[in-house]
Protein chains: 2
Amino acid sequence: MTARRAGGPTMHDVGKLAQVSAMTVSRVLKNDPGVSEATRERVFAAVDRLGYRRNETARSLRLGGSGMIGLVVTNLANPFYSRLALGVQEVATEYGFRMVLSNSAEQADREPGLVDGLIDHQVEGLIVVPAGSRQQHLAAAMRHVPVVLAARPPAGLDTDCVLVEDFHGAREATACLLAEGHTRIAFLGNPPSLYTGAERLRGFWAAHDEAGVEPDNALIRQGLVDAATAEAATLELLGRPDAPAALFCTNNRISQGAIRALLKSDVTLPLAGFDDFDLSDVLGLPLTLVSYDADEIGREAARLLIDRLGHKEAEQPPSRRVTIPTRVVRHGVHADGRPLGPPRTDT
Amino acid sequence: MTARRAGGPTMHDVGKLAQVSAMTVSRVLKNDPGVSEATRERVFAAVDRLGYRRNETARSLRLGGSGMIGLVVTNLANPFYSRLALGVQEVATEYGFRMVLSNSAEQADREPGLVDGLIDHQVEGLIVVPAGSRQQHLAAAMRHVPVVLAARPPAGLDTDCVLVEDFHGAREATACLLAEGHTRIAFLGNPPSLYTGAERLRGFWAAHDEAGVEPDNALIRQGLVDAATAEAATLELLGRPDAPAALFCTNNRISQGAIRALLKSDVTLPLAGFDDFDLSDVLGLPLTLVSYDADEIGREAARLLIDRLGHKEAEQPPSRRVTIPTRVVRHGVHADGRPLGPPRTDT
DNA sequence: CTGTTAGCGCCTTCAA
DNA sequence: TTGAAGGCGCTAACAG
């Protein structure tokens with residue numbers, strides 16, 4: 001149709017068709033009041049006819065702000081992170097930002113590259129769920145843009161973060177099991193190098209302390225990374241002569257692995273765990289789950305970041321830490337069909 | 001530290017520090033062979049010292065290619081779409097592209113705006129899971145960049161798409177139920193305006209035809225949009241005097257709603273459905289699920305798109321249609337504990 | 001109300 | 001082996 005270079009029509013092309021300068025086209029598209037109605041209409045007509053779209057890349061080069069914020073998560077396939085991403089996007093959109101997402105696929109060593117890539121693409125800020133325990137690359141990133149951490153706290157970094165009540169939630173759920181008289185509780189956890197793993201173990205331990213019960217170290221398994229390793233660990237525990245009477249799992253994937261082991265073994269043990277998941281309420285197992293709003297982690301992180309973007313370099317607020325509350329949800333019945341004690345909270 | 005404008009140091013700043021021109025910095029960063037080793041080292045040192053990062057926005061303005069492809073999905077919280085997104089990202093990364101993700105949050109009327117926004121940000125191509133049945137905005141988008149559809153076919157558009165075997169999968173799963181002697185099968189489906197809904201109903205119907213069984217229209221429910229509506233529809237069906245003896249569900253959320261209804265009602269019916277989901281194998285229900293690789297849909301879509309990006313305008317291949325195979329997975333046992341017949345496929 | 005000039009950060013082309 | 005000029009598409013700042 002129209003003679004155009006590889007990139008489609010430009011303002012210049014539109015202007016030529018509407019018989020005005022590119023500058024006037026720019027004004028019209030920006031809703032600048034100082035343009036006559038007649039001109040405005042001609043410009044819009046030309047835009048329509050050419051299918052013209054303003055080049056945001058050139059625009060942001062000129063204006064010095066890309067309107068994009070970056071999000072780095074470890075595993076988008078985990079509903080936890082996809083909810084978090086949706087929360088970020090919700091708030092980002094609300095404030096006129098676009099979210100660019102990167103997934104490190106559980107490989108901590110890929111994270112620095114992803115972060116750099118986002119910075120190269122001129123994101124104005126970053127929200128990161130740190131994959132590993134090293135965070136130097138984030139310190140480097142902070143030289144360029146503000147960084148907000150989600151789900152894990154900064155380590156040697158001075159920046160905002162959004163956490164869940166890892167310690168409190170784990171303690172409360174464990175206390176439920178203890179209150180029912182279960183004293184031999186196995187702990188199935190992710191690597192203790194992860195903040196969440198360590199905190200949740202701490203909560204598990206604190207509940208025991210408060211109940212005056214000594215946890216059996218022989219029933220503690222850490223370093224589980226997915227449902228499969230959790231299933232294997234559970235099967236091994238169930239086969240022991242001193243098998244546990246209840247289970248505590250530190251996240252949704254570990255709970256699911258443990259549940260698979262229980263159901264395959266046809267054993268019904270009370271299970272407590274972090275993260276609620278689909279169909280947990282109808283499994284017919286006595287479950288005590290620490291539930292929280294993953295979307296809200298994303299929303300809060302985005303709010304913190306965007307707030308920071310609104311302040312000049314000089315008047316940045318001190319780093320903040322926001323905590324998302326957890327609540328305990330109880331499902332299912334005991335093996336003998338007797339309902340569990342009165343739920344503390346329910347859906 | 002260094003005097004810098006809002007956007008951080010530029011090649012010019014690096015050059016000044018390394019006592020070369022910006023042009024030479026550009027050459028070094030591009031691995032251009034025509035630079036002396038001494039200069040190269042001075043430049044790298046300056047880059048390090050300033051924490052310099054090349055501005056990809058300016059670069060792509062000059063080079064005329066952003067290196068980004070856009071993906072539009074309807075609901076990232078559905079594992080189906082998050083897997084699809086991971087598949088897209090995997091292939092995109094492999095070919096040096098970056099994926100920019102937009103989520104329409106189930107609101108079809110937001111899709112055009114998202115598509116336009118991605119085009120404004122200079123994505124070089126788009127992969128779209130169309131939210132509604134109208135696709136004119138995609139025709140407009142195709143004036144700018146290639147568009148590949150995922151999970152739903154083009155309607156009045158000439159472009160590539162990646163589909164699953166909706167018809168075949170539904171027919172096969174339904175045939176399993178019929179082969180076991182269930183003739184009163186309820187159909188719980190999403191709106192028939194969606195391609196997948198219509199195709200899966202067609203497969204359901206075809207299996208009945210082939211088995212010489214007449215489906216009961218009174219047991220067909222369409223227009224279900226989520227687990228809650230599916231649960232309600234299932235409860236209603238179970239309460240009828242002529243209640244069904246088996247259920248067919250057209251997607252994971254509908255299956256989950258139906259399962260919740262069954263388990264709450266303490267009724268065990270054989271259930272067939274599209275999409276596998278977490279823990280389906282340990283629910284203890286007789287399930288016949290149509291499983292497929294959602295990642296692969298994303299990977300194929302990305303391959304088709306990137307292939308097209310590699311061809312000049314003149315030599316574009318004709319539009320292609322790729323189909324992702326399905327397989328039937330059977331789980332669980334009959335209500336009386338008797339195992340189901342020999343599985344046709346298994347995990 | 002509208003146009004001209006200049007430059008955002010980078011890279012292609014040409015010259016030294 | 002290196003640098004200078006010019007321009008990708010857009011828009012502030014200043015004319016007119």
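Within every chain, numbering begins at 1; the chains are lettered A, B, ... in the order of the sequence lines, protein sequences first and strands thereafter. In this text the structure is predicted, and so the values were computed from the model without any measurement.
Other residues, nucleotides and ligands contribute over 12 non-hydrogen atoms within 6.0 Å of the CZ atom of B:Arg320. By the 6.0 Å contact criterion, CZ on A:Arg53 is enclosed, its count of non-hydrogen atoms from other residues, nucleotides or ligands being greater than 12.
The nearest whole Å value for the distance from the NE2 atom in B:His12 to the C1' atom in C:dG7 is 13 Å. What separates CZ of B:Arg53 from C1' of C:dG9 is a distance of 15 Å, to the nearest Å. Rounded to a whole Å, the CG atom of B:Asn55 is 18 Å from the P atom of D:dC8. One can place CG of A:Leu29 at 15 Å from P of C:dT2, the figure rounded to the nearest angstrom. A straight line from CZ of B:Arg27 to C1' of C:dC10 spans 13 Å, rounded to a whole angstrom. For A:Asp120 and C:dG9, the CG to P distance is 15 Å, given to the nearest whole Å. Following rounding to the nearest Å, A:Leu63 (CG) and C:dG7 (C1') show an atom-to-atom distance of 13 Å. One can place CE of B:Met23 at 14 Å from P of D:dA5, the figure rounded to the nearest angstrom.
Taking only side-chain nitrogens and oxygens, A:Tyr52 never comes nearer than 4.0 Å to OP1 or OP2 of D:dG9. When the side-chain nitrogen and oxygen atoms of B:Ser36 are compared with OP1 and OP2 of D:dT2, one or more of them lie within a distance under 4.0 Å. Residue A:Thr10 has no polar side-chain atom (N or O) positioned under 4.0 Å from OP1 or OP2 of D:dG9. The shortest distance between the side-chain N/O atoms of A:Lys30 and the OP1/OP2 oxygens of D:dC10 is not below 4.0 Å. Distances shown here put every side-chain N or O of A:Ser60 at or beyond 4.0 Å from the OP1 or OP2 atom of D:dC10. A close approach under 4.0 Å does occur between a side-chain nitrogen or oxygen of B:Thr24 and OP1 or OP2 of D:dG3.
Across D:dA12, C:dT2, D:dT2, the shortest atom-to-atom separation from the side chain of A:Thr39 is found for C:dT2.
There is no side-chain donor-acceptor pair under 3.5 Å between A:Arg42 and A:Gln19. Counted by atom type alone, B:Ser319 and B:Asp160 present zero donor-acceptor pairs between their side chains at under 3.5 Å.
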Starting from the C-alpha separation in whole Å, work towards a yes-or-no answer on side chain to side chain contact (heavy atoms under 4.5 Å, CB included) for A:Val91 and A:Phe97.
CA-CA 8 Å; A:Val91 172; A:Phe97 286 91; over 6 Å; no

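Among the atoms of the strands shown, only primed sugar atoms or phosphate atoms (P, OP1, OP2) are found under 4.0 Å from some heavy atom of B:Met11. Within 4.0 Å (heavy atoms only), B:Arg54 reaches sugar-phosphate atoms of the nucleic acid but no base atom.
Between the base of C:dC11 and the side chain of B:Arg62 there is a donor-acceptor pair shorter than 3.5 Å.
Comparing A:Ala58 and B:Gly34, the nucleotide of DNA chain D nearest to each residue sits closer to the 5' end for B:Gly34.
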